[in-house]
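Below: one structure, written as structure tokens.
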Protein chains: 2
Amino acid sequence: MSLQSRRPQTVKVRDVAREAGVAVGTVSRVLNDHPTVTRELRERVERAMADLGYEVDVTAQSMRAGRSRLVACAIRDFDIPRFALFIKEAEAVLREAGYTLLLASTTNRPDVEISLLRAFRRRRVDGVMMTLSDEEHRDVRQALSEAPMPVLLIDRDCVGALDRVTADHRQGARLATGHLLGLGHRRIAMLVGDTKAFPSRSRLEGFREAHAAAGIAPDSRLVRDNVLSSEDAYRATASLMGGTNTPTALFVAAMDMLGGCLRALRTMGLAVGDRLSVVAGSDSDLAELHTPPITSIEWDLAAMGRHAAIMLLERMRGDEIERGRGLTVPTELIIRGSSRPPAN
Amino acid sequence: MSLQSRRPQTVKVRDVAREAGVAVGTVSRVLNDHPTVTRELRERVERAMADLGYEVDVTAQSMRAGRSRLVACAIRDFDIPRFALFIKEAEAVLREAGYTLLLASTTNRPDVEISLLRAFRRRRVDGVMMTLSDEEHRDVRQALSEAPMPVLLIDRDCVGALDRVTADHRQGARLATGHLLGLGHRRIAMLVGDTKAFPSRSRLEGFREAHAAAGIAPDSRLVRDNVLSSEDAYRATASLMGGTNTPTALFVAAMDMLGGCLRALRTMGLAVGDRLSVVAGSDSDLAELHTPPITSIEWDLAAMGRHAAIMLLERMRGDEIERGRGLTVPTELIIRGSSRPPAN
DNA sequence: CGGAGTCAATGAACCGGTTCATCATAACGC
DNA sequence: GCGTTATGATGAACCGGTTCATTGACTCCG
């Protein structure tokens with residue numbers, strides 16, 4: 001039969017129907033495991049499909065059904081190592097359920113987010129999971145409210161009725177900051193990302209809460225926001241440590257920015273440890289295996305991906321669930337050698 | 001279950017045509033920038049589309065055209081930080097050209113690879129870029145040869161006529177091994193991945209070639225293959241360093257396995273440097289910022305992603321190009337403090 | 001024996017665009 | 001004035017499945 005498969009002409013339901021001597025509707029019913037089909041006919045149709053090497057055309061199915069069995073995932077930047085865990089888990093759950101994952105990068109721009117939502121709609125995508133550059137952006141919110149398919153936000157908060165999975169960044173930052181304050185640090189610098197989005201906003205809140213709880217006023221000049229790339233982290237660290245009135249501790253709260261920070265410290269000849277404590281906002285091999293190992297905040301991104309997929313699947317099934325569900329994954333502080341009492 | 005909630009009424013070409021007072025064919029011609037349409041009508045149709053908030057249905061377009069403007073990317077595991085660079089670049093190029101990226105993970109299993117190829121075909125995917133767990137696998141090769149769309153192999157070699165982008169891992173391994181041999185090492189251990197696939201196979205070749213060029217016979221007991229996870233790297237390192245006749249240098253050639261290796265060394269109380277040189281098969285923040293910094297092999301994964309997308313686009317356009325083109329990205333050795341002459 | 005009821009199979013209509021043979025109109029040449 | 005072209009618009013057929021009203025066969029029961 002391998003010679004038959006050479007045919008460029010594709011086999012269609014009609015052909016299977018003719019081969020099996022049944023109607024096209026019957027072939028369709030076999031394909032969809034419809035209960036009202038006798039065993040005998042089912043076997044005949046299945047044999048015909050096997051003989052002809054038939055394969056359904058998902059496009060045609062989507063056409064009629066109005067759903068594509070596609071789920072889109074749009075995140076700021078794939079190039080965040082730990083995010084791969086999220087995608088990996090989400091994809092596994094979705095594929096198990098018969099869905100295929102579409103991937104796109106928003107590059108953290110509202111206009112791209114909007115145009116991607118439009119593109120997903122054009123493709124009749126059944127569900128979307130995405131990050132937002134700015135939860136308050138008017139046009140983005142408009143586009144989200146007009147989306148005909150369920151949208152789940154990844155690590156974002158939104159007053160709208162969208163489902164979301166988040167990590168408890170506020171708690172993470174509170175733990176990290178409290179840990180440093182408890183060691184005796186009074187001048188704690190913080191590197192944080194885009195505060196228009198939930199994670200950095202929450203971290204900032206946690207940072208302030210921990211200070212408030214300790215009755216200490218944070219020095220706002222030590223807080224650098226909008227740290228979005230390794231180069232940003234490098235520059236922010238250099239500027240913080242290069243001036244007068246330098247901090248005794250550095251909380252690199254933005255995700256995956258530890259490298260840029262450590263690179264700057266090394267260039268400046270500053271060692272982590274005795275004179276400067278460092279805490280990372282997310283864990284990594286780098287944090288764990290650095291000398292000294294870097295105290296880090298950790299949370300389960302794989303679980304976030306899994307739950308995001310599950311929640312979206314429920315929503316796509318059209319289950320009657322309350323709107324705007326939120327799942328929050330806890331954060332944890334792993335204390336390592338990079339955080340010590342301040343010198344003298 | 002109201003009909004409206006089941007299928008929210010959307011604006012179709014018919015509606016636009018009625019609104020603009022033209023035929024559906026004319027709307028279609030406007031949509032596709034067909035030259036034979038007067039400016040006046042074009043404007044009327046465009047106004048009608050804007051007024052009604054019309055959006056084409058890509059599924060319906062695919063249905064008729066027989067192509068989906070989807071490109072699938074299937075790799076072993078997303079959870080390889082540097083691979084994100086490949087995907088990021090490829091996605092950017094493809095989106096620019098009007099394609100959307102489908103993502104799937106093969107988990108390095110031939111049966112999954114085959115079933116994914118089938119799924120892609122069912123979706124009428126226009127092109128595929130993927131890795132293979134085993135280039136010689138009969139059924140996979142069969143499935144590849146039957147694929148109706150162009151397939152491009154990522155970092156794989158194949159005697160078939162498929163396009164491919166590869167990195168010159170042989171050269172990288174030769175450089176790394178030569179470097180260690182040049183420093184005076186005679187007992188070099190190597191951690192390598194699945195030798196059924198191109199990268200590890202090439203690295204092994206490079207390792208042997210460098211030995212041959214130096215007139216030295218490698219000790220095959222020091223070569224550990226099938227190192228595919230961080231845990232594998234941990235175990236392999238522990239076993240290599242725990243026995244008698246330990247190596248003086250460790251070439252961690254498998255991608256992204258440095259963490260597991262370093263973790264094992266630390267657990268065993270072994271320092272990198274004086275008594276043991278280490279070279280990593282791929283660069284990372286960890287390698288760069290470790291103490292001492294780890295000598296590493298580097299190559300441009302972003303360029304691989306970019307070229308993979310471009311080559312696939314050319315192939316999908318149906319250009320008359322010779323089959324089985326291959327693009328190889330060079331590898332480079334970044335010498336750092338972790339590789340030194342062996343002690344005494 | 002006839003009427004009601006059950007159940008599987010049928011096939012035409014449909015999903016929403018694109019294509020192309022056909023047609024209407026205007027321009028042009030002689 | 002009439003035939004010929006050129007140009008642009010038309011709309012029915014088509015892509016490949018799914019759906020559902022209808023049909024046909026068969027069973028059950030009074």
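Order of the sequence lines sets the chain letters (A, B, ...), proteins ahead of strands, with each chain counted from 1. Since this is a predicted model, take the numbers as computed values, not measurements.
Note that CD1 of A:Ile75 is 6.5 Å distant from CG of A:Leu103, once rounded to the nearest 0.5 Å. Rounding to the nearest 0.5 angstrom, the gap separating the CG atom in A:Leu101 from the CZ atom in A:Arg95 is 10.0 Å. Rounding to the nearest 0.5 Å gives a distance of 7.0 Å between OG of B:Ser133 and NZ of B:Lys196. Here the straight-line distance linking atom CE of A:Met311 with atom CG of A:Asp163 works out to 4.0 Å at 0.5 Å rounding. One distance of note links NE2 of A:His307 with CG of A:Leu312; it measures 14.0 Å at 0.5 Å rounding.
Between A:His34 atom NE2 and C:dC7 atom P the separation is 14 Å, expressed in whole Å. Computed from coordinates, the B:Arg67 CZ to C:dT18 C1' distance equals 10 Å when rounded to whole Å. Taking atom CG of residue B:Asp15 and atom P of nucleotide C:dC15, one finds them 12 Å apart after rounding to whole Å. Residue A:Leu52 contributes atom CG, which lies 12 Å from atom P of D:dG17 at whole-angstrom precision. Residue A:Arg121 contributes atom CZ, which lies 13 Å from atom P of C:dG17 at whole-angstrom precision. Rounding to whole angstrom units, CG of residue A:Leu41 and C1' of C:dT10 are separated by 11 Å. Going from atom CG of A:Asp57 over to atom C1' of D:dT18 covers 13 Å, rounded to whole Å. In this structure, B:Asp33 places its CG atom 11 Å from P of C:dT18, rounding to the nearest Å.
Map B:Ala60 and B:Pro35 each onto its nearest nucleotide of DNA chain D; the residue landing nearer the 5' end is B:Pro35.
Of the candidates C:dC14, C:dG11, D:dG16, the closest approach to any side-chain atom of A:Val24 belongs to C:dG11. Residue A:Ala23 has its side chain nearest to C:dT10 when only C:dT10, C:dG17, D:dG16 are considered. Residue A:Asn32 places its side chain closer to D:dT18 than to any other of D:dG16, D:dT18, D:dA13. Comparing atom distances between the B:Thr38 side chain and each of C:dG17, D:dA9, C:dC14 picks out D:dA9 as nearest. Nearest nucleotide to the B:Arg64 side chain, out of D:dA9, C:dG16, D:dT19: C:dG16. Comparing D:dG16, C:dT10, D:dA9 against the side chain of A:Met63 picks out D:dG16 as the nearest. Checked against C:dA9, D:dG17, C:dG16, the side chain of A:Val37 finds its nearest nucleotide in C:dA9. Side-chain proximity of A:Thr36 to the nucleotides D:dG17, C:dA9, C:dA8 is greatest for C:dA8.
Listed pair A:Thr59 / D:dG16 fails the phosphate criterion, with no side-chain N or O lying under 4.0 Å from OP1 or OP2. OP1 or OP2 of D:dT18 has at least one side-chain nitrogen or oxygen of A:Gln61 nearer than 4.0 Å. The shortest distance between the side-chain N/O atoms of A:Arg29 and the OP1/OP2 oxygens of D:dT18 is not below 4.0 Å.
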Begin with the C-alpha distance, continue with both residues' side-chain angles, and end with the deciding distance and a verdict on salt bridge (charged side-chain N to carboxylate O under 4.0 Å, His left out) for A:Asp15 and A:Arg18.
CA-CA 5 Å; A:Asp15 305 315; A:Arg18 197 182 328 107; 3.0 Å; yes
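Contact annotation for B:Arg124: backbone-only contact, meaning every heavy-atom pair under 4.0 Å involves sugar-phosphate atoms and none involves a base. Within the 4.0 angstrom heavy-atom criterion, base atoms lie near A:Ser28. When heavy atoms are screened at a 4.0 angstrom cut-off, B:Val58 is found touching no nucleic acid atom at all. Among the heavy atoms of the strands, none lies under 4.0 Å from B:Val27.
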